[in-house]
Amino acid sequence: MESKKEFFLECYKLGIIKFGRFTLKSGIESPFYVDLRPLASDPKILKKLANYLLEMLPLDNFDIICGVPYAALPMATAMSLESYIPLIIKRKEAKSYGTKKLIEGIFAKGQNCLLVEDVITSGKSILETIEEVENEGIIVSDIVVVLDRQQGGREKLEAKGYKVHSLFKISEVVKILREMHYIDEDEVARIRDFVNGNQVVFEEKKRLSYEEKLEIAEHSFAKKILEIAIEKRSNLIASADFVTTKELLAFADIAGPHIVALKTHVDILNDFDEDETILPLKNLAQKHNFLLMEDRKFADIGNTQALQFSYGTFEISNWADLVTSHVIGGSKSLDCFVNVGVVAILGMSSQGALTDSHYREEALKVIENHPNVIGCVAQNEISDQLLLFTPGVHLGKKGDDKGQQYHAPEHVIRNYGTDFIIVGRGIYKSDDPELEALRYKTEGWKAYLSCL
Ligand code: 5BU
């Protein structure tokens, strides 16, 4: 079998732990959120998980297995299938009719039962289950949990004489994720504080208003986009990923009144033509007062980027107000982008993107103080000096089948301090793109105002 660390990372990719700021059921704010239910949706992982859990246990001791409802039910079932130890089911509430039994299945008094739980925090829900199982005359000696949040649950159960086995502890998990640069030092410190029972201080950093950002902005296109935002009361950039000029222009005309910029991928157009595509697009940009942002994602040496920027079919330098660029070629590779605002790509929204915190820290050093850079594309907070553009925004969906990951406008604006949300299919694939553009504009602006 792979190492426990590799297995954890496989599980982590299913989105079982999220970092940020979460309000728990108790009202307490937590720097992380755990939900192991996705593990049950991947049969291979669930099977492996069952075997990892079984490996830790003195299996001869157990006559039956029982999961704490609901999250641990599939885990307990999988363990039963892998070990041939029979399963019993504990209901959350007793049936109001029929047998009114709380424990279902075949069991006998005096049998020893292994309890399975997904996460142990205070131990409260496990103790409730233990009590109900023991009321049936069943003996509980061992509890196996997938993740120990290390918040006193284990100690509480051990003080009552139960043995607790855990596959992962939050401290181990945090160490692995830090090593992998999935989380930064601040997050590690906040989690440590939280786990130690100290109140976690989430910096109540007030975000700067667009007016305040305008005062410190130096680049002409940074000023321009901020001025448009203030004037139109919008922080929405529509991504117009069309393959025909006709669709692109029709969309630009209806979304135009609601957006600060239209983001294009002109290389996906079947019929790109400077006169037919760019001239009318520029007219629409003028008519509705928005900028043109070409999402070219340059990623080469300076000389090649200079050629790609000004030559070829698209002659981007002739018409784009903003361009996106990777910074993998180093700071000097960005020198060629004159008379345009560079939006540097620090973090990508897609699943498994290699832009981890180490990459982002290094990328930030590349763009720091570069006069051509007005901001970044990222999925996390950045400095006030830079404008933050966040794609991967959708009001209804969590992602697509090609790895895109979505968050709501409110989430990115509140948690990352996003200045401009970038929305593609959420608008142009909707039944009424004009109405939807207005909805995203309204949502984005409302979220911004609520963070001031
Ligand atoms: P969507 O339809 O809202 O998923 O489109 C998002 C757009 O933003 C699309 O044009 C992408 O190329 C672009 N994008 C992104 O989604 N995520 C990123 O990290 C970067 C760009 Br960089």
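Start at 1 and go down the list; that is how both ligands and their atoms are numbered. Numbers here are sequence positions counted from 1.
Here the two rings, on Tyr210 and Trp445, have centers that are under 6.0 Å apart. Between Tyr52 and Phe7, the ring center distance clears the sub-6.0 Å criterion.
Residue Ser239 approaches ligand 1 through these ligand atoms, each under 4.0 Å from one of its heavy atoms: 7 (C), 9 (C), 10 (O). Those atoms of ligand 1 that come under 4.0 Å of a heavy atom in Pro391, given as number and element, are 8 (O), 14 (N), 15 (C), 16 (O), 17 (N), 18 (C), 19 (O), 20 (C), 21 (C). Counting atoms of ligand 1 from 1 in the listed order, those under 4.0 Å from a heavy atom of Arg425 are 1 (P), 2 (O), 3 (O), 4 (O). Counting atoms of ligand 1 from 1 in the listed order, those under 4.0 Å from a heavy atom of Val377 are 22 (Br). Close contacts between ligand 1 and Tyr406 involve ligand atoms 1 (P), 2 (O), 3 (O), 4 (O) [criterion: under 4.0 Å to a heavy atom]. Taking every non-hydrogen atom of Met348 and a distance limit under 4.0 Å, the qualifying atoms of ligand 1 come out as 19 (O). For ligand 1, the atoms sitting less than 4.0 Å from at least one non-hydrogen atom of Lys297 are 12 (O), 20 (C), 21 (C), 22 (Br), numbered in the order shown with element in parentheses. Atoms of ligand 1 lying under 4.0 Å from any heavy atom of Asp295, numbered from 1 in the order shown and given with element: 12 (O), 13 (C), 21 (C).
Listed for the Asn51 side chain is a donor-acceptor partner under 3.5 Å among the backbone atoms of Lys47. Although no hydrogens or angles enter the test, the distance criterion places a donor-acceptor pair under 3.5 Å between the side chain of Thr355 and the main chain of Met348. Gln379 places no side-chain N or O within 3.5 Å of a backbone atom of Ser350 that could act as its donor or acceptor partner. Put simply, the side chain of Arg207 gets close to the backbone of Thr418: a donor and an acceptor are under 3.5 Å apart.
Residue-level proximity to ligand 1 for Lys263 is carried by the side chain, the only part with a heavy atom below 4.0 angstrom.
Among pairs with a residue in residues 143-153, those fulfilling salt bridge (charged side-chain N to carboxylate O under 4.0 Å, His left out) read Asp148-Arg154, at least two apart in sequence or across chains. Legend: salt bridge (charged side-chain N to carboxylate O under 4.0 Å, His left out) pairs involving residues 264-291, not counting sequence neighbours, sorted by first then second residue: Asp253-Lys287.
Summary of contacts: the protein heavy atom closest to atom 12 (O) of ligand 1 is His265 NE2, 3.0 Å. Protein heavy atom at the shortest distance from atom 16 (O) of ligand 1 is Gln404 NE2, 2.8 Å. Looking only at heavy atoms of the protein, atom 3 (O) of ligand 1 is closest to Gly424 N, 2.9 Å. Given atom 17 (N) of ligand 1, the protein heavy atom at minimum distance is Ser349 OG, 2.7 Å. Of all protein heavy atoms, the one lying nearest to atom 9 (C) of ligand 1 is Asp241 OD2, 3.4 Å.
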Checklist entry - For Val342 and His219, what are the C-alpha separation, side-chain angles and deciding distance, and is it a side-chain contact (heavy atoms from CB on, under 4.5 Å)? => result CA-CA 10 Å; Val342 174; His219 196 290; over 6 Å; no
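Below 3.5 Å of separation, one finds no N or O of Val423 facing any N or O of ligand 1. Any N or O atom pair closer than 3.5 Å counts here, and Gln379 shares no such pair with ligand 1.
The residues Glu187 and Arg190 are annotated as not salt-bridged, no charged nitrogen and carboxylate oxygen being separated by less than 4.0 angstrom.
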